[in-house]
Structures are given as structure tokens and as C-alpha cells.
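A short worksheet on the structure shown next.
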Amino acid sequence: MTTTVDATGLTVRHGSTRALDGVALRLTDGVTGLLGPNGAGKTTLLKVLATAVPPDSGGFTVHGKDPSAPAGRLALRRTLGYLPQTPGFHPDFTAFEFVDYVAVLKELTGRAERHREVRRVLDQVGLADVRGRRLKRLSGGMRQRVALAAALVGDPAFLVLDEPTVHLDPEQRMRFRELIAQAGESRTVLLSTHQTEDVAMLCHHVIVLAGGRVRFDGTPAELTARAAGRVWSSTERAPGARAGWRTGTGAFRNVGAPPPGADLLEPTLEDGYLLVLDEETAEEAA
């Protein structure tokens with residue numbers, strides 16, 4: 001697959017702390033999941049790739065456009081859709097007015113053409129019937145869809161989504177996953193999330209970020225395979241497990257180094273993710 005986003009050595013410092021520490025990555029069309037604990041640097045990385053924050057060192061290109069120069073930055077922004085973690089909604093705007101405002105910022109200056117585009121993206125996210133309703137009257141799930149519609153204005157080739165399914169109920173999350181999957185059919189999508197099930201259901205590629213560094217870069221199947229032979233069931237809490245919890249059956253599911261003769265279980269992506277984070281913690285302690 002053709003590389004659409006190519007980053008090397010991305011470093012961002014906040015005082016003595018490195019929010020990003022030499023991050024390198026390559027993205028292709030489809031949905032890439034970005035996993036990591038709080039404070040891992042995920043939002044900082046997305047802000048850098050969305051050209052909202054310049055890196056202190058390193059660089060990147062999107063479809064060959066280099067944002068280190070003003071002309072390249074402007075060209076990149078014209079092909080970019082960005083949904084931040086906390087969209088800046090004006091509660092008295094209607095859904096149409098908010099997306100229209102974003103369309104103006106994206107340089108869609110012709111009123112008739114711009115309004116057609118606003119109606120198109122609101123229809124795409126299933127909000128055609130409430131486009132005249134004020135944002136403060138919409139549910140949290142609907143407001144997230146308004147924010148996604150704003151990000152989709154202009155049919156961007158690169159879509160950056162920061163925790164778009166947070167605070168959504170299960171039905172809203174399912175509908176939002178469908179929208180993200182559709183978006184990834186024709187563009188490059190980078191999805192930051194705490195939800196491992198989002199990655200398992202949506203993504204062809206996954207990156208785990210911790211401590212400002214890339215700790216894993218591969219497919220969901222490869223991340224799941226990291227836990228092969230390291231997940232087991234027991235009738236009591238296993239003292240040597242890295243993580244363990246009682247399941248609905250009453251048995252304990254343990255992740256770590258199993259004892260001899262353990263009843264091994266099929267690993268999940270979440271198991272692999274937990275072990276990658278555990279390795280990162282052990283490395284820092286050493």
C-alpha cells in the first residue's frame with residue numbers, strides 16, 4: 001500500500017518532559033488506531049499531524065506535502081479533516097451554522113456551493129433532519145456527529161480523530177464506528193482511542209504510544225499475537241499475573257507468565273496491548 005503520511009523523529013518538549021520522543025510512523029489509506037494510556041502523547045501527536053502544534057524536531061509529510069514551510073502547511077491543511085478531543089462548540093449555533101462556519105474557515109467562499117457541501121456532510125453523518133436544531137439541544141452523540149461532519153467538509157484525504165467515541169453509549173458508539181469505517185474506505189484515517197474494541201473492529205493498522213514513544217507498530221492480529229500463550233484461566237487469583245480479573249463465569253482471566261500446566265485461553269487485542277504497556281513499564285523501571 002502507498003504511504004500517505006510519513007513521519008520521522010517527531011519530538012515535542014514541554015519543559016524537561018518529552019511529550020513526543022523521536023516518533024516515527026507511516027500511514028496508508030484505511031483506518032489506523034492509536035492506542036496509549038493517559039499522558040502517552042497521543043493528543044500531542046495528533047496536534048502535530050494536524051499542524052496545530054509544530055514539532056521541536058523531526059518532520060513529516062502528508063501526500064508529499066511538507067508543513068515545515070508556509071506553502072506546504074497551507075496545502076496540507078486544505079486536504080485535512082481534524083476532530084479534536086474537545087470540539088469548540090458554540091451552544092447557540094445550529095448544527096448547520098456550526099458546520100457552515102467551519103466550511104468558511106476551510107475557504108469554501110461561494111455561498112451556494114458551501115451550503116451544498118454543508119448539507120452533504122450533515123446528511124452523510126445522518127443529521128439532515130436536525131440541521132436547524134441548536135447544538136445545546138442535541139445529545140452528546142449527535143454533537144459528536146456534527147463535529148465529524150465539520151471534519152469531513154471538503155472531502156479531506158487525511159482525517160485525524162481524537163477520542164471520537166468517548167462518552168458515547170453503546171448504540172452511539174456502534175453508529176459512530178460505522179461512520180469511521182465508511183470514512184476509511186477512501187482516505188487515510190488516524191483514530192486515537194482508549195477503546196481497544198474500536199481498534200479490533202475498525203483498524204487495519206495499530207500503533208501503541210507510551211511515554212512519548214512508539215512501543216508497537218503493526219496489525220491488530222500481530223498485537224493480539226503478543227499475548228499468545230500468556231493468557232490463562234484459574235479458579236483463584238494468580239499472584240504472578242500481570243493483570244487478572246474475575247469473569248462472569250466466576251473463573252479468573254489472567255495475563256502474564258502462566259504456570260506450568262495452565263489452562264490457556266485465546267488472547268485478545270486488549271491482552272496484547274496490556275502486555276506491551278507492561279513491557280514499557282518494566283523497561284522504564286530498569
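The first residue in the sequence is number 1, and the count goes up from there. Quantities reported herein were computed from a predicted structural model and do not represent experimental measurements.
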Salt-bridge present (E113, R120; N to O < 4.0 Å)
no

Do [X] and [Y] have side chains that approach each other closer than 4.5 Å (heavy atoms only, starting at C-beta)?
X: L80; Y: V62; value: no
X: L127; Y: M142; value: yes
X: V199; Y: L35; value: yes
X: H204; Y: T28; value: yes
X: H14; Y: T44; value: yes
X: V99; Y: V121; value: yes
X: L191; Y: D162; value: no
X: Q144; Y: F176; value: yes

Answer yes if the ring centres of F96 and H115 are under 6.0 angstrom apart, and no otherwise.
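Judged by ring-centre distance (under 6.0 Å), F96 and H115 do meet the cut-off.
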
Would you confirm whether [X], through its side chain, and [Y], through its main-chain N or O, come within 3.5 Å as a donor-acceptor pair?
X: R173; Y: L168; value: yes
X: T94; Y: E97; value: yes
X: T3; Y: V5; value: no
X: T61; Y: K65; value: no
X: R13; Y: T17; value: no
X: R145; Y: V125; value: yes

Are [Y] and [X] connected in a single hydrophobic cluster, I mean Ile/Leu/Val/Met/Phe/Trp/Tyr linked by side-chain heavy atoms less than 4.5 Å apart?
X: F98; Y: L105; value: yes
X: L27; Y: V214; value: yes
X: F93; Y: V102; value: yes
X: V208; Y: V31; value: no
X: L179; Y: L190; value: no

Please report the interatomic distance [atom1]([X]) to [atom2]([Y]), rounded to the nearest 0.5 Å.
X: D217; Y: T32; atom1: CG; atom2: OG1; value: 8.5 Å
X: N254; Y: S234; atom1: CG; atom2: OG; value: 4.0 Å
X: R137; Y: R134; atom1: CZ; atom2: CZ; value: 8.5 Å
X: R133; Y: L138; atom1: CZ; atom2: CG; value: 6.0 Å
X: L269; Y: T196; atom1: CG; atom2: OG1; value: 6.0 Å
X: R119; Y: Q124; atom1: CZ; atom2: CD; value: 15.0 Å

Would you name the heavy atoms of [X] and [Y] that are closest together and state the gap between them?
X: G229; Y: L264; result: O-CD2, 3.9 Å
X: P164; Y: L83; result: CB-CD1, 4.5 Å
X: A147; Y: F89; result: CB-CZ, 3.8 Å
X: A227; Y: G272; result: CB-N, 3.7 Å
X: L49; Y: L76; result: O-CD2, 4.3 Å
X: G41; Y: L20; result: O-CD2, 3.5 Å

Using side chain to side chain contact (heavy atoms under 4.5 Å, CB included) as the criterion, point out the one residue from D123, V118, D100, L122 that pairs with R131.
L122

Flag if over 12 foreign heavy atoms under 6.0 Å of CG, D129:
no

Take atom CZ of R73 as the centre, draw a 6.0 Å sphere, and report whether it contains more than 12 heavy atoms from other residues, nucleotides or ligands.
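More than 12 within 6.0 Å, yes.
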
Derivation of the side chain to side chain donor-acceptor pair (under 3.5 Å) call for T11 and D56
CA-CA 6 Å; T11 300; D56 292 311; over 6 Å; no

Could you go through the salt bridge (charged side-chain N to carboxylate O under 4.0 Å, His left out) check for R226 and E222 one step at a time?
CA-CA 7 Å; R226 295 284 286 265; E222 289 167 342; over 6 Å; no

Check whether the side chains of D198 and T165 place a donor and an acceptor atom closer than 3.5 Å, and report yes or no.
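Present: a donor and an acceptor within the cut-off.
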
Candidate pair D271 and R230, rule salt bridge (charged side-chain N to carboxylate O under 4.0 Å, His left out), full reasoning
CA-CA 9 Å; D271 297 327; R230 303 174 71 183; over 6 Å; no

Show every salt bridge (charged side-chain N to carboxylate O under 4.0 Å, His left out) that has at least one partner inside residues 76-94, sequence neighbours left out.
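Only R78-E107, D92-K136 qualify under salt bridge (charged side-chain N to carboxylate O under 4.0 Å, His left out).
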
Keeping to residues at least two apart or across chains, list the salt bridge (charged side-chain N to carboxylate O under 4.0 Å, His left out) pairs with something in residues 15-42.
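Those involving residues 15-42 are D6-R26, R18-D21, D21-R213.
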
Verify side chain to side chain contact (heavy atoms under 4.5 Å, CB included) between E163 and H194, making sure each step is shown before the conclusion.
CA-CA 7 Å; E163 300 283 355; H194 284 294; 2.9 Å; yes

Would L25 and L45 satisfy side chain to side chain contact (heavy atoms under 4.5 Å, CB included), going step by step from the backbone distance to the final call?
CA-CA 11 Å; L25 56 84; L45 176 59; 3.8 Å; yes

Donor-acceptor contacts, no H, no angles, side chain residues 154-161, under 3.5 Å, sequence neighbours left out:
{"unit_1": "D155", "atom_1": "OD1", "unit_2": "R187", "atom_2": "NH2", "d": "2.3"}

